[in-house]
Enquirer: 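Structure provided below as structure tokens; questions to follow.
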There are 2 protein chains.
Amino acid sequence: MADGAGDDLFKELWRLCAGPLMDVPCVQDRVFYFPQGHIELLPEPTEQELRQMKNQKSPKYDLPSKILCRVIDVKCLAEMETDEVYARITLQPSSDNDPLDPNPICSEKPKQKFYSFCKTLSTSDTSTHGGFSVLRKHANECLPQLDMTMENPTQELVAKDIHGVEWKFKHIYRGHPKRHLLTTGWSAFVAAKKLVVGDSFVFLRGENGQLRVGIRRLNPPQSPTPSSVVSTQNMRLGVIVTASHSVMTSTMFVVYYKPRTSQFIVSLNKYIDTMNNDFKIGMRFKMRHEGEDPLDKRFCGTIVGVGDESREWPNSQWRSLKVQWDEPATMQRPDRVSCWEIEPLVTSPLNMIQPMAKGKRSRHAEASSSAASGSKESQVATIWHPPHLNGNGNSSQDLKNNKAVVPAGPAGEGPACDHNEDGKKGMDCWLFGVNLTSSYSNVVTPLEKELWCEASTILHCGPKESIIVGACEIEKVQSLNNHSLSNKQGHVPSMRTRTKVKMEGVAVGRAIDLTTLNGYDELIVELEKMFDIEGEIISQKKWAVTFTDEENDLMLLDDDLWQDFCKMVKRIFICSKED
Amino acid sequence: MADGAGDDLFKELWRLCAGPLMDVPCVQDRVFYFPQGHIELLPEPTEQELRQMKNQKSPKYDLPSKILCRVIDVKCLAEMETDEVYARITLQPSSDNDPLDPNPICSEKPKQKFYSFCKTLSTSDTSTHGGFSVLRKHANECLPQLDMTMENPTQELVAKDIHGVEWKFKHIYRGHPKRHLLTTGWSAFVAAKKLVVGDSFVFLRGENGQLRVGIRRLNPPQSPTPSSVVSTQNMRLGVIVTASHSVMTSTMFVVYYKPRTSQFIVSLNKYIDTMNNDFKIGMRFKMRHEGEDPLDKRFCGTIVGVGDESREWPNSQWRSLKVQWDEPATMQRPDRVSCWEIEPLVTSPLNMIQPMAKGKRSRHAEASSSAASGSKESQVATIWHPPHLNGNGNSSQDLKNNKAVVPAGPAGEGPACDHNEDGKKGMDCWLFGVNLTSSYSNVVTPLEKELWCEASTILHCGPKESIIVGACEIEKVQSLNNHSLSNKQGHVPSMRTRTKVKMEGVAVGRAIDLTTLNGYDELIVELEKMFDIEGEIISQKKWAVTFTDEENDLMLLDDDLWQDFCKMVKRIFICSKED
DNA sequence: TTGTCTCCCGTCGGGAGACAA
DNA sequence: TTGTCTCCCGACGGGAGACAA
């Protein structure tokens, strides 16, 4: 430690514990911060809190959905209780004259070589009887040499964990056939860290011989338990107001970032790269996930919707892509992702052009080109073809929004800073929709007022010099688009408008636009038409209509208020009465 | 359980675990909420965070130091991890015309008698060898009778803890001389609850024979560990902005309150009582503390300073008294207290009458002349004399601020409401140092008014009239909530107005509108209809009806008041009786 | 009356080789 | 090569009366 090598080792251990998907920015990098994603990580409000939030007027905040920041400081930390790694990142909102150049490649070259392994714990490893079985390869590469001239060579390993706490392990080479084991000390470690089968043990040796141990859990704690200190409402407001305040005053703020959980801080480089892709409905993609050693195993899926995740953040890129996964998986996967989490699945230029029309073929082509998981992919049974997704051009809504989300900027440059002539009007400090500085004194013409109000509902931003002014202008236009759209349609414009319908015994699914219907009666008429079973549903003899809701529970139609139903329905099923 | 006694027992257990100093307001009470005290409970910022907060311009907030609120809801809860009891209190800032009458005495009379004991654990009680020694008196009063004709009479006690988890204990009367012991099951309880010498064991028996167990720790966790979810800065801002917003919009907000830790919610009655005293430097006082059975044992001390605890809250009454304690003590005691935590020390009736001035003054005369600590008082080094406490001058600001919080009450109720000519101006909305109301009053033209309306809908803080009538409006909204919610606040898109019902063996769920029902009887009839099992539930032979509440606990139907049930039910399950 | 000690004995679990996937 | 099983034996701890404060 005194030689500074300990610091290197700590960082390396932190990286190993964070896992292969770890993505933490470097100091001085520019990043986009997505408050929406930050809020997502707060404890879930209880039912009761949710009810109260409904009764309560929520303060409107006009924080942009993404905030360009410079990384001032990154501190790698780990939770005392669980050893879960996280980073305390200090961000400073960028100013206008901060160009959108990509970040220089930052690589802190460690001074020494590392030897490390990571093993998923078996049942035996975690059992109370006996110790930890070190794979021969791992032992050879990473453990200090034993004196093999001995009958049962043994040594004591002393290693520090991420908090600097020392753990001692007896390392022995014994048994028939011979193998490496960690015995004494191991079970105490397992108990203290509360390890279970499937968790991983991380071992690290530095060139200087110092040892480190760490863990990576199979299931990192998802949503933290609600605190009994402050309400979730408090936390949400806190996050937003902290960010607002920092943007207004150009001062630093601190966020805690768990790279394993959710990537709400995105490096400018990654963002720019991502934005070169045109994410469209129907596009095929792959997404990395934390898994076993073969890192190239990825989940594949199809984009089935483009648009806002939440009404509160219009035109946000956060989880703006609704996706459908190819295969079921044991692990939970989100049904909405952000562009930077995925990569387009490119197989051949041909498929790029006609992805949907040749959907099945393309997948086979692609499968054959990727060795390991080809057969799995070909098992895909249900391929969903919502009518409005097949590229016949009737979904102007989606296209418009798509443009809003993935603006056509010059390649390599972010979309946010091109136009700014209006910015001269000056934009002062806005909070909760109120201009704290000028009290409307600048407003002149009615039109400008209208524009102004529009803009102010979208964001508040700093003085015109601020880089965000550029974004402002674009988003103002977007918001006007949105505005007119929502007037026309009366619902969130960018949400996928059709709802899937499947009928028992009918292989091909359908989709229906619930917004055009005024109640269950009309729905049933439409469903009957759709499947050519006029009168059969309404008679209640043969068919029952059920649906899955946002919690994926199968529910009977008709019990909920129509409005509620429209909000929560995911899929509709027509099944025979007996079931 | 079926008789609703479980709820009574829960509350009593909660009270016992909270300890004798427990002071939780009743629903409908008026209280003062001290945000400063609330913030005190947040995790301590780390060194690094502190440094950063210095470099950073902290947002200015002009939240009053105390806020008069009505208690809308009190939910008694306990932490999952530690069993520490706390209350989730929903507060609504009081409106201007809410008179400062004392709260009516609220006493929810329990329907039954309770038998309870609380014993501080000895070394033997917590040792791994052997069980818990029940004091003879406790056993006679609280434990179910043993059959004393037996040689070593024994029975199994089954008791629920505060989470409803069942614990089993073998109760035996044995040894020479004979004594009552809890053996089997006790050590598991000690281990699970992590009890140590000095912690207390709470045992409760209801008239109906139901048993409850609980704990009260010697050292309740002081400052919570800093969360790795949001920064302390976030939390602080969150608390303040939540309160600000609620004051501005007259809407409810939620605070978590740990009566054992810090009393930042003070009943109006207690406050009024307290304010009848004139707290002066040199005054002697006593303070209750959680301790052994002799409840009258108190710490005594002397006031050595009067004034603000923190610059950020000028003229706040929170911890406005600096004190010096008479004797050293093992337990930590604050060096600053709030007036309502202490009582003037009265030694003899003689002193009471002494004619320094009329009424309350006498006490202080007596106090300052009390012998014991005279020399100590002279040690006082720093002395504050805020003008408004020694009565010689009124800093107009203070008065204004006070008025905003405790508006226009009848004179003589407390120091905060003596002058009120300014009060007619109505309540000002301040946020981050900006008077939002005054910007409103500058608005002249209709267009500007329109703009204001725009802003005010964003802010959800209407013109001053709406602030004043806020309370009524809110109640109206609440009464309408079920039906108008979807129109008003679309922020929580997925909430249902119906409650999900699932039945064992039936794949398809249903949903029911509880608001149309008037009690459990009607609910059961509806459920039976829904699943075509008329008469089968009410007969209680085949089916049991359970539900999950907002904490996701599975509960049996019928235990709670119907109104409570409707508030907290999440899903209803009909399952076969055997399960 | 009740807190502590010590003794008895059953259970748990660390650590070894056996065995098999 | 390595995961699981079983066996051995020592340590831990639940439960009893003894004893003393």
Side-chain angles (χ1 to χ4, degrees), chain A residues 117-143 150-156 167-192 195-201 203 292-293, chain B residues 117-143 150-157 167-192 195-201 292-293:
Chain A
F117 69 80
C118 174
K119 187 196 167 194
T120 303
L121 300 183
S122 68
T123 312
S124 301
D125 290 333
T126 53
S127 104
T128 51
H129 291 256
F132 172 83
S133 167
V134 186
L135 304 194
R136 182 169 298 271
K137 193 184 153 203
H138 292 165
N140 292 339
E141 288 171 1
C142 308
L143 296 190
M150 311 278 286
E151 171 60 23
N152 276 337
T154 184
Q155 65 181 333
E156 186 178 61
W167 297 89
K168 291 176 184 171
F169 303 94
K170 179 177 173 185
H171 168 209
I172 191 168
Y173 185 67
R174 64 159 167 83
H176 305 287
K178 295 275 191 188
R179 89 278 311 278
H180 291 270
L181 295 162
L182 300 185
T183 57
T184 312
W186 171 253
S187 69
F189 184 78
V190 170
L195 298 178
V196 296
V197 184
D199 291 344
S200 298
F201 175 59
F203 187 92
E292 294 305 298
D293 291 38
Chain B
F117 69 80
C118 174
K119 186 195 168 193
T120 302
L121 300 183
S122 69
T123 313
S124 302
D125 289 334
T126 53
S127 104
T128 52
H129 291 257
F132 172 83
S133 166
V134 186
L135 304 193
R136 183 169 297 272
K137 194 185 153 204
H138 290 167
N140 291 339
E141 286 172 2
C142 307
L143 296 190
M150 309 280 286
E151 170 62 20
N152 277 337
T154 185
Q155 65 182 333
E156 186 178 60
L157 306 179
W167 298 88
K168 291 177 184 170
F169 303 95
K170 179 176 173 185
H171 168 210
I172 192 168
Y173 186 66
R174 63 159 168 82
H176 305 287
K178 294 274 191 190
R179 89 277 311 279
H180 291 271
L181 296 161
L182 300 186
T183 58
T184 312
W186 171 253
S187 69
F189 184 78
V190 169
L195 298 178
V196 295
V197 184
D199 291 345
S200 297
F201 175 60
E292 295 306 297
D293 291 37

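Note that the coordinates shown come from a computational prediction; the quantities given were computed from them, not determined experimentally. Letters A, B, ... are given to chains in the order of the sequence lines, protein chains preceding strands, and every chain is numbered from 1.
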Enquirer: Give a yes/no answer on whether the side chain of A:Lys119 brings an N or O atom under 4.0 Å of OP1 or OP2 in D:dT1.
Expert: no
Enquirer: Which comes earlier along DNA chain D counting from the 5' end, the contact point of A:Ser124 or that of A:Tyr173, where each point is its nearest nucleotide?
Expert: A:Tyr173
Enquirer: For a quick check of understanding: with a heavy-atom distance under 4.0 Å over all strands, which category does B:Ser122 fall into, base, sugar-phosphate or nothing?
Expert: sugar-phosphate
Enquirer: How is A:Thr183 classified with respect to the nucleic acid when contacts are heavy atoms under 4.0 Å: base, sugar-phosphate, or nothing?
Expert: sugar-phosphate
Enquirer: Going through the checks in order, is the ring pair (Phe, Tyr, Trp, His ring centres under 6.0 Å) test met by A:Phe169 and A:Phe132?
Expert: CA-CA 10 Å; A:Phe169 303 94; A:Phe132 172 83; 8.7 Å; no
Enquirer: Of the nucleotides C:dG15, D:dT2, C:dT4, which has the atom closest to the A:Ser133 side chain?
Expert: D:dT2
Enquirer: Which part of the nucleic acid, if any, lies within contact of A:Gly130, taking any heavy atom under 4.0 Å across all strands shown: a base, the sugar-phosphate backbone alone, or nothing?
Expert: base
Enquirer: Mind checking if B:Lys137 touches a base, just sugar-phosphate, or nothing, with heavy atoms under 4.0 Å?
Expert: nothing
Enquirer: C:dT2, OP1 or OP2 - any side-chain N/O from B:Arg179 closer than 4.0 Å?
Expert: no
Enquirer: Looking for any heavy atom pair under 4.0 Å, which part of the strands does B:Leu135 touch: base, sugar-phosphate only, or nothing?
Expert: sugar-phosphate
Enquirer: Heavy atoms from C-beta onward define the side chain here; which of D:dT4, D:dA16, C:dA16 lies closest to that of A:Thr123?
Expert: D:dT4
Enquirer: Identify, between A:Pro177 and A:Gly131, the residue whose nearest nucleotide on DNA chain C lies closer to the 5' end.
Expert: A:Gly131
